[in-house]
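Whatever order the structure lists ligands and atoms in, that order sets their numbers, starting from 1.
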Amino acid sequence: MSSIKIDGIECPYDGDAKPSLLQVALDHGVEIPHYCYHPGMSVVASCRICLAEVAQPNPRNDNKLELIPKLVPTCQTPAVDGAEVYLRSPKTISNQKAVMEYLLINHPLDCPVCDQAGECSLQDYSYRYGSSHSRFEEDKIKQPKKDVGPHVLLYSDRCIMCTRCVRFTREVTGTDELAVFGRGSEEQIDVFPGKPLDNPLSANVIDICPVGALLDKDFLMSMRVWNLTKAPGIDGITASGDNLSFESNEGKLYRIKPRTNMDVNQWWTSDEIRYGWKHVHSPDRLNSPMVARHGVPEATDWNTAYDEVLSKLEVTRLKKGEGSLAVVVSPMLTCEDAFLLGQLARQLDPSATLAVGPVPVNGEDRTFPGGYTVRAEKAPNARGVKRALELVAGEGGVESYDTIGNGLRGGTFHAAILTGNYPSAWVTDEMKAALGGAFTVLIDTLPGALTDAQPGEGADVILPGATWVEKAGTFENADHRRQCFPQAIPTLEGAKPEAQIALDLLARLAGERPKRFDAAAARAEMGGVFANDVHAPAEESQVNSEVEYVTL
Ligand code: SF4
Ligand code: FES
């Protein structure tokens with residue numbers, strides 16, 4: 001193990017990995033200011049804020065520690081065993097102040113109206129390493145605001161020319177939409193005429209822009225970032241398993257950002273996932289149980305709806321015998337939802353058929369040059385739902401969605417419990433027709449063919465479910481990686497997580513008081529891989545500044 005000292009702090013590192021001085025510092029939570037460096041892209045060492053005074057052993061002088069005469073860019077300089085980095089030397093500090101002064105010469109200083117305020121490296125470093133006054137008295141150069149793509153706005157006069165965004169489109173997506181145009185103080189980031197920034201990962205440039213130059217149209221001026229509560233989450237739209245941060249205020253989701261996980265999504269996520277949560281706050285969300293009276297659904301309370309479900313399913317079982325119930329568990333649900341719904345099915349009808357709901361697929365997986373893959377499978381948990389249902393039905397005991405349709409048409413099934421939770425309409429006319437005379441319980445989040453049907457053609461009981469951000473659970477992604485996540489926002493009033501609905505009905509069948517759903521307890525009960533091979537969200541690592549704040 002090799003080691004360097006940064007301001008006297010011993011920082012051991014793996015010498016074979018040949019990290020830069022900056023990487024070693026960041027790994028040990030020591031802050032060295034940096035703009036152009038990003039661990040996911042090539043090193044250009046252009047912003048110069050990370051320069052520091054460094055002394056390292058000279059092999060031609062008995063390995064004596066010698067000061068390198070010039071400041072070195074720590075992002076580009078490999079760590080040498082025994083080297084020392086001085087972040088508080090007068091030379092290092094005067095460079096930091098000079099770079100900050102230079103970067104702010106033409107900056108509009110419009111923090112009060114900038115979305116980036118509160119998470120802006122320019123703002124933070126200005127406090128920590130900058131100066132409290134400006135010597136610049138001339139007119140600032142004004143640059144235009146540009147609409148560069150469907151999700152991204154560019155406020156050019158806030159740009160510090162770090163070129164992270166340009167390198168992202170060159171190295172990570174390979175789409176090359178962004179480039180540097182012009183020279184000197186007239187330099188600007190822009191897109192080529194007729195070629196907007198519209199690749200499937202385009203909005204990642206907003207996250208990597210260290211200042212407020214690249215902004216999210218969807219989040220623009222909607223909330224100050226310091227009012228957002230962050231909860232770790234997992235992609236609930238596709239089978240990627242991307243690690244995400246759900247950012248909300250007073251129960252309302254405002255934005256989704258990627259969380260770094262080098263084993264899954266690196267630093268990125270797709271635009272489809274980032275903006276795929278709008279249905280969570282749809283005004284059309286189902287928010288009350290409904291029971292069909294004379295074929296027309298009427299809002300009711302949970303107890304009445306539960307009574308209707310249990311009494312009608314019991315009558316069906318007595319009339320048609322065991323095996324007449326089909327339970328379809330959507331791949332949009334969590335493993336815990338699936339397990340408890342499977343248990344409920346077995347209690348209702350020991351020979352009930354269990355199946356995974358339809359799994360939407362759009363084209364083929366697409367992997368970008370930077371290694372990120374956009375998944376064709378547009379459901380987060382097809383594998384996890386099947387695995388959880390197999391705990392109840394045994395291996396090979398879970399049927400396909402087509403089997404349920406055929407069984408309904410062929411007269412095998414006379415009752416069905418269907419779960420949805422898809423972001424858009426999912427019940428086909430074919431399935432609706434197949435359900436025909438069967439007693440149908442629908443647990444779903446949005447209206448569709450079974451809630452808005454003609455009298456007598458829809459579901460008999462409708463129970464409002466919860467979207468994945470409103471409940472805790474586990475998803476298994478396309479690579480069979482199981483990841484659990486906590487509840488990010490409160491469940492919509494009038495709705496319940498599917499696992500809670502299953503627990504309520506199980507308690508009613510057993511004549512007990514209903515238990516409150518606890519995802520961790522459910523996983524412990526499920527056992528096997530659900531008890532010992534589920535990845536929990538990593539603790540957020542925080543880089544603490546060792547530098548004192550300047551007095552303003
Ligand atoms: S727009 Fe942002 S990411 Fe792109 S060069 Fe300017 S400061 Fe860097
Ligand atoms: S981070 Fe080192 S020069 Fe920009």
A.B. asks: Taking the minimum heavy-atom distance to atom 5 (S) of ligand 1, which of D190, L215, T163, V180 ranks first?
C.D. replies: T163
A.B. asks: For K140, does the NZ atom have more than 12 heavy-atom neighbours from other residues, nucleotides or ligands under 6.0 Å away?
C.D. replies: yes
A.B. asks: So for atom CG, which belongs to N61, do other residues, nucleotides or ligands contribute more than 12 heavy atoms lying within a distance under 6.0 Å?
C.D. replies: yes
A.B. asks: Using a strict cut-off of 4.0 Å, indicate which atoms of ligand 1 neighbour a heavy atom of V211.
C.D. replies: 7 (S)
A.B. asks: Under 4.0 Å from a heavy atom of I189: give me the atoms of ligand 1 that qualify, with their elements.
C.D. replies: 5 (S)
A.B. asks: Is R523 close enough and on-axis enough to F530, meaning under 6.0 Å and within 45°, for cation-pi?
C.D. replies: no
A.B. asks: Kindly state whether the ring of F485 and the ring of F475 have centres lying under 6.0 angstrom apart.
C.D. replies: yes
A.B. asks: Heavy-atom count check: over 12 atoms from other residues, nucleotides or ligands less than 6.0 Å from E10 CD?
C.D. replies: yes
A.B. asks: Determine whether the side chain, the backbone, both or neither of Q76 has a heavy atom under 4.0 Å from any heavy atom of ligand 2.
C.D. replies: neither
A.B. asks: For atom 2 (Fe) of ligand 2, what's the nearest protein heavy atom and its distance?
C.D. replies: C50 SG, 2.2 Å
A.B. asks: At a 4.0 Å threshold, what atoms of ligand 2 neighbour a non-hydrogen atom of R48?
C.D. replies: 3 (S), 4 (Fe)
A.B. asks: Pick one of side chain, backbone, both or neither for how S46 approaches ligand 2, counting any non-hydrogen atom pair under 4.0 Å.
C.D. replies: backbone
A.B. asks: Other residues, nucleotides and ligands only: do more than 12 of their heavy atoms fall within 6.0 Å of NZ on K378?
C.D. replies: yes
A.B. asks: Tell me, which protein residue and heavy-atom name are nearest atom 6 (Fe) of ligand 1, and how many Å apart are they?
C.D. replies: C159 SG, 2.3 Å
A.B. asks: Are any N, O or S atoms from C75 nearer to atom 2 (Fe) of ligand 2 than 2.8 Å?
C.D. replies: yes
A.B. asks: Suppose I only count heavy atoms of C162 and a 4.0 Å limit; which atoms of ligand 1 are within that range?
C.D. replies: 3 (S), 5 (S), 7 (S), 8 (Fe)
A.B. asks: Within 45° of the six-membered ring axis of Y275 and under 6.0 Å from that ring's centre, is NZ or CZ of K278 located there?
C.D. replies: no
A.B. asks: Looking only at the aromatic ring of each residue, does the gap between the centers of F168 and W268 stay below 6.0 angstrom?
C.D. replies: yes
A.B. asks: Show the atoms of ligand 2 that are less than 4.0 angstrom away from any heavy atom in A45.
C.D. replies: 3 (S)
A.B. asks: Looking only at protein heavy atoms, identify the closest one to atom 4 (Fe) of ligand 1 and say how far it is in Å.
C.D. replies: C165 SG, 2.3 Å
A.B. asks: Checking a contact table here: which protein heavy atom is nearest atom 7 (S) of ligand 1, and how many Å away?
C.D. replies: I160 N, 3.4 Å
A.B. asks: Check ligand 2 against C47 and write out every atom of the ligand that is under 4.0 Å from a heavy-atom position of the residue.
C.D. replies: 1 (S), 3 (S), 4 (Fe)
A.B. asks: Going by the atom numbers of ligand 2, which of them fall below 4.0 Å from some non-hydrogen atom of Y37?
C.D. replies: 1 (S)
A.B. asks: Tell me whether ligand 2 is touched by P73 - counting only heavy atoms on the residue side and a distance under 4.0 Å.
C.D. replies: no
A.B. asks: Check whether more than 12 heavy atoms from other residues, nucleotides or ligands sit under 6.0 Å from atom OH of Y102, and answer yes or no.
C.D. replies: no
A.B. asks: Which atoms of ligand 2 are found less than 4.0 Å from any heavy atom of H34?
C.D. replies: 1 (S)
A.B. asks: Looking only at heavy atoms, which two atoms of A79 and I4 are closest? And how far apart?
C.D. replies: CB-CG2, 4.2 Å
A.B. asks: Looking only at heavy atoms, is any part of C209 under 4.0 Å from ligand 1, and if so is it the side chain, the backbone, or both, or is it neither?
C.D. replies: both
A.B. asks: For the rings on Y129 and Y125, is their centre-to-centre separation under 6.0 Å?
C.D. replies: yes
